[in-house]
Amino acid sequence: MPMSLKLINDCIFIADTHFNEKNTIFYTFLQELKAKRLLCKQLILMGDMFDFLTFQTKYFIKKNQKAIDLLNDLSKDIEIIYFEGNHDYNLKKIFPLIKIYERQAQPVLAEYKNKSISLSHGDMYVDNFYNIYCSVIRNKTLLALLNILDINDVLSKKIYTSLMAKSICRKIPNFKEIIQKKIDCYDTSIVIEGHYHQGDFITYDKTFYVNIPSLLCSNEYVILNDTFKKITLRTKI
Ligand SMILES: [Mn+2]
């Protein structure tokens, strides 16, 4: 498999910010980058950055416009890589300068100091039913149709309200065992995922597993410089 991505020293990973009207830490983080209070040459977005975003759903593009614009602005100066998640997909036309990896292209094989690393949002290798569900919700014709049917944004507003009410920050008790079941589906010795909101780094027999914490849940992101380090986002008030 060809290496499609080269990770550089001090690259920053963030995951699962679930941006919406209530959860705005993603926007705060991007502002820190814009003001250069946080320095970064390569930013890797591990998915579910927006609580809901697809190219076909105009209501959500409007809702998220502020964060979309800032991200596009930053992508002129910073190399940004975006792994689509289960809440944000069909993004290529929204972010022209960002390297987007759709679910079907994941896991992505990356290279860092002669080591190969697999990266994906984290909702792969679950089960067949979930895989079918994923291809249905990403179907562009279906989404376009729903957009036409979405008279006065009624459907979108329903989705939005239910997403806002969801509590997503919780500890998964047997997380190590859950990942154990799928870890051998990857064929690299390092695996990076988001999706689970745990932020655990776990050593298995053959694999080092990095779960990028949810910036929304724990206020943390990850920097890679020889090793992976969790950093707490500090913002001036
Ligand atoms: Mn997810």
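Numbering of ligands and ligand atoms starts at 1, following listing order.
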Does any non-hydrogen side-chain atom of His87 lie less than 4.5 Å from one of His18? yes

With ring centroids as reference points, do Tyr82 and Tyr101 lie under 6.0 angstrom apart? no

Which residues and atoms, counting only protein N, O or S, are under 2.8 Å from the Mn ion (ligand 1)? Asp48 OD2, Asn86 OD1, His121 NE2, His195 ND1

Listed once per pair and sorted, the salt bridge (charged side-chain N to carboxylate O under 4.0 Å, His left out) pairs that draw on residues 188-198, sequence neighbours left out: Lys182-Glu193

Lys/Arg N to Asp/Glu carboxylate O, Lys41 vs Asp77, below 4.0 Å: no

What pairs with Ser218 under side-chain contact (heavy atoms from CB on, under 4.5 Å), at least two apart in sequence or on another chain? Pro213, Glu220

Across all chains, not counting sequence neighbours, the salt bridge (charged side-chain N to carboxylate O under 4.0 Å, His left out) partners of Lys76 are Asp73

